[in-house]
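Working notes, beginning with the structure itself.
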Amino acid sequence: MEFVKYVCILLHVGTDLKELENHLSMNGYSFGIDKNRNLLFVPIDDFGYVEEILADRNIIHGVREY
């Protein structure tokens, strides 16, 4: 059995989640979004790429590793 380590990213309340979700989907990233709590979950292997995407869009966020 293989376990995947995820990173939980807390997104700023004003983040356009629909646009972010579309961008990540169209570029083939694995992720999950909790829209009620503004949380984005990405595998740790993809975290660097996703963090670049957030930085390019000036999306304020915090990180917690699970």
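These values consider heavy atoms only, across backbone and side chains, with no hydrogens, waters or symmetry-generated copies.
- When all heavy atoms are compared, the tightest approach of Pro43 to Tyr6 is N-CD2, 3.6 Å.
- Scanning both residues, His12 and Asn38, for their nearest heavy atoms gives O-ND2, 3.1 Å.
- When hydrophobic clusters are built by joining Ile, Leu, Val, Met, Phe, Trp and Tyr residues whose side-chain heavy atoms come closer than 4.5 Å, directly or via intermediates, Ile9 is not grouped with Ile60.
- The cluster map of Ile, Leu, Val, Met, Phe, Trp and Tyr, joined by side-chain heavy atoms under 4.5 Å apart, puts Leu17 and Val7 in the same cluster.
- Going from atom CG of Leu40 over to atom OG1 of Thr15 covers 9.5 Å, rounded to the nearest 0.5 Å.
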Review point. Would Leu11 and Leu39 count as a side chain to side chain contact (heavy atoms under 4.5 Å, CB included) if you check the C-alpha gap in whole Å, the side-chain angles of each, and the deciding distance to 0.1 Å?
Key: CA-CA 6 Å; Leu11 302 169; Leu39 299 176; over 6 Å; no
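- Distance CD1/Ile59 to CD1/Ile53: 9.0 Å, rounded to 0.5 Å.
- In the hydrophobic clustering of ILVMFWY residues, with side-chain heavy atoms under 4.5 Å counting as a link, Phe47 and Tyr49 come out together.
- Residues satisfying the side chain to side chain donor-acceptor pair (under 3.5 Å) criterion with Glu19, sequence neighbours excluded, are Arg57.
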Just distance, no hydrogens or angles: give the donor-acceptor pairs under 3.5 Å from side chains in residues 24-32, sequence neighbours left out.
from  : atom 1 : to    : atom 2 : distance (Å)
Ser25 : OG     : Glu21 : O      : 3.0
Asn27 : ND2    : His23 : O      : 2.8
Asn27 : ND2    : His23 : ND1    : 3.4
Asn27 : ND2    : His23 : NE2    : 3.4

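- Judged as a side chain to side chain donor-acceptor pair (under 3.5 Å), and not counting sequence neighbours, the contacts of Asp34 are Arg37.
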